[in-house]
Amino acid sequence: MTDLLAAIDDQTTRLVADARELAAPGDLGADSLCAGWSRDHVLNHVARNADALVRLVRAAVDGTGETMYDSPEGRDADIDEGVGRPLGEVVGDVETTAAALAPELARLRDEHADIVLERTPGGPTFTAGMLPFLRLREVVYHHVDLASDFGFGDLDGALQVLFIENELKRQKGAPVAPSMTIRSDEGDIWSIGDADAHVTGSRAGILTWLARQDPSGVRADTLPELTKGL
């Protein structure tokens, strides 16, 4: 977990630095890669996600019974409420909430790993052991979603593989999983199902396809259809 916490700190620093560069008029309000969201929405979401994960750490470690969000509607409202602020305030929110989350994540121990937590009351669940990874993915993926100069190709190879394997695990769990073999230009091989289709590309291209359904960095005779919304 120490490596994940260090990666969260590093990737958060990179996100904050790039967000500060969105200083030209219209930069913050420009469209992100998240449908219906501006860059402003994305940054507010990253900040509110940190708040939400603090609640989940308290639920796991202190037994508070808190959920990640009170409701899907409340989660969206909290994001919308922060949109429209000056850039410095929005970026400061991301930085401050990340700083508050870091010592909370460090409180998680092996004995907390299997504690089941809820996204919303009665909603989807996950275990406390996943929280550091979930935060890392949130920071990295939404950094990409800012559509600035950062992409999955800017990650080191170990993080690219970590995220690819998580995306493939999610695809394997779909009601109808795609059947394919994926070979990276760096020499990795992954298979799902009967491995009927063959997909190749760089690790960055493969991750961009799996995580954001952008096939521009992969090659295949017939590209398998991915299950979205996992």
Side-chain angles (χ1 to χ4, degrees), residues 3-55 57 68-69 72-106 131-160 162-163 167 202-217:
D3 289 345
L4 284 179
L5 297 183
I8 292 169
D9 288 344
D10 176 57
Q11 294 301 322
T12 300
T13 298
R14 298 178 72 175
L15 169 62
V16 167
D18 281 359
R20 286 201 179 105
E21 296 299 316
L22 304 177
D27 273 359
L28 189 58
D31 289 341
S32 74
L33 299 183
C34 294
W37 273 7
S38 66
R39 289 165 163 171
D40 199 352
H41 286 88
V42 168
L43 290 172
N44 275 278
H45 171 55
V46 173
R48 301 289 72 77
N49 172 263
D51 291 338
L53 291 179
V54 167
R55 289 193 288 272
V57 173
M68 188 173 187
Y69 302 107
E73 296 78 13
R75 172 252 196 196
D76 293 343
D78 286 343
I79 294 169
D80 290 341
E81 185 177 350
V83 172
R85 294 177 293 169
L87 174 66
E89 189 173 338
V90 174
V91 177
D93 192 7
V94 172
E95 193 168 26
T96 299
T97 53
L101 173 61
E104 293 295 314
L105 290 175
L131 296 185
F133 174 79
L134 293 177
R135 178 58 179 179
L136 178 61
R137 188 177 68 190
E138 195 80 9
V139 170
V140 170
Y141 281 29
H142 286 314
H143 192 173
V144 172
D145 290 334
L146 288 182
S148 55
D149 293 326
F150 180 85
F152 290 121
D154 294 303
L155 299 174
D156 65 43
L159 282 183
Q160 290 171 340
L162 177 70
F163 288 129
E167 291 297 333
S202 67
R203 287 173 178 165
I206 291 165
L207 180 54
T208 302
W209 173 54
L210 292 172
R212 289 299 180 256
Q213 290 78 54
D214 176 354
S216 59

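- By the salt bridge (charged side-chain N to carboxylate O under 4.0 Å, His left out) test, E95 is found to be paired with R20, residues two or more places apart in sequence or in another chain being considered.
- In this structure, R14 and D154 have side chains that are in contact, with non-hydrogen atoms separated by less than 4.5 Å.
- Here L53 contributes atom CG and E104 contributes atom CD; the two are 10.5 Å apart, rounded to the nearest 0.5 Å.
- Atom CG of D156 has more than 12 heavy atoms from other residues, nucleotides or ligands within 6.0 Å.
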side-chain contact (heavy atoms from CB on, under 4.5 Å) between Y141 and L207, worked out: CA-CA 10 Å; Y141 281 29; L207 180 54; 3.7 Å; yes
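- For D9 against A102, the heavy-atom pair with the smallest separation is OD1-CB, 4.3 Å.
- Between E167 and L210, the shortest heavy-atom distance links the atoms OE1-O, 3.6 Å.
- Qualifying side chain to side chain contact (heavy atoms under 4.5 Å, CB included) partners for A98, counting only residues two or more places apart in sequence or in other chains: T12, R135.
- One finds the CZ atom of R137 at 10.0 Å from the CG atom of L162 (value rounded to the nearest 0.5 Å).
- With sequence neighbours left out, H143 forms a ring-ring contact (aromatic ring centres under 6.0 Å, His included) with F150.
- Across every non-hydrogen atom of V91 and A19, the tightest pair is CG2-CB, 3.8 Å.
- Every side chain to side chain contact (heavy atoms under 4.5 Å, CB included) that T97 has, sequence neighbours left out, goes to A47, R48, A50, D51, D93.
- Contact of the R75 side chain with the P72 side chain is not registered, since no non-hydrogen atoms from C-beta on lie closer than 4.5 Å.
- Residues R212 and L33 have side chains not in contact (no heavy-atom distance under 4.5 Å, counting atoms from C-beta outward).
- By the 30° and 60° cut-offs, the orientation of the rings of W37 relative to H142 is tilted.
- Closest approach of S38 and G29 over heavy atoms only: CB-O, 3.5 Å.
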Test log, rule side-chain contact (heavy atoms from CB on, under 4.5 Å), inputs L15 and L146: CA-CA 9 Å; L15 169 62; L146 288 182; 3.6 Å; yes
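- V90 meets the side chain to side chain contact (heavy atoms under 4.5 Å, CB included) test with L28, D40, L43, N44, R85; sequence neighbours excluded.
- Considering SG of C34 and CG of D145, their distance stands at 3.5 Å, rounded to 0.5 Å.
- With contacts defined as side-chain heavy-atom distances shorter than 4.5 Å, the pair F152/L159 does not qualify.
- For the atom pair E21 CD and L87 CG, the distance stands at 9.5 Å (nearest 0.5 Å).
- For Q160, the side chain to side chain contact (heavy atoms under 4.5 Å, CB included) criterion is met by L155, R203, A204, not counting sequence neighbours.
- Paired with M68 under the rule side chain to side chain contact (heavy atoms under 4.5 Å, CB included), one option of L131, N49, V54 passes, and it is N49.
- Here the closest non-hydrogen pair linking A99 and P103 is O-CD, 3.1 Å.
- Exactly one of D3, L5, I8, D10 qualifies for a side chain to side chain contact (heavy atoms under 4.5 Å, CB included) with L136. That residue is I8.
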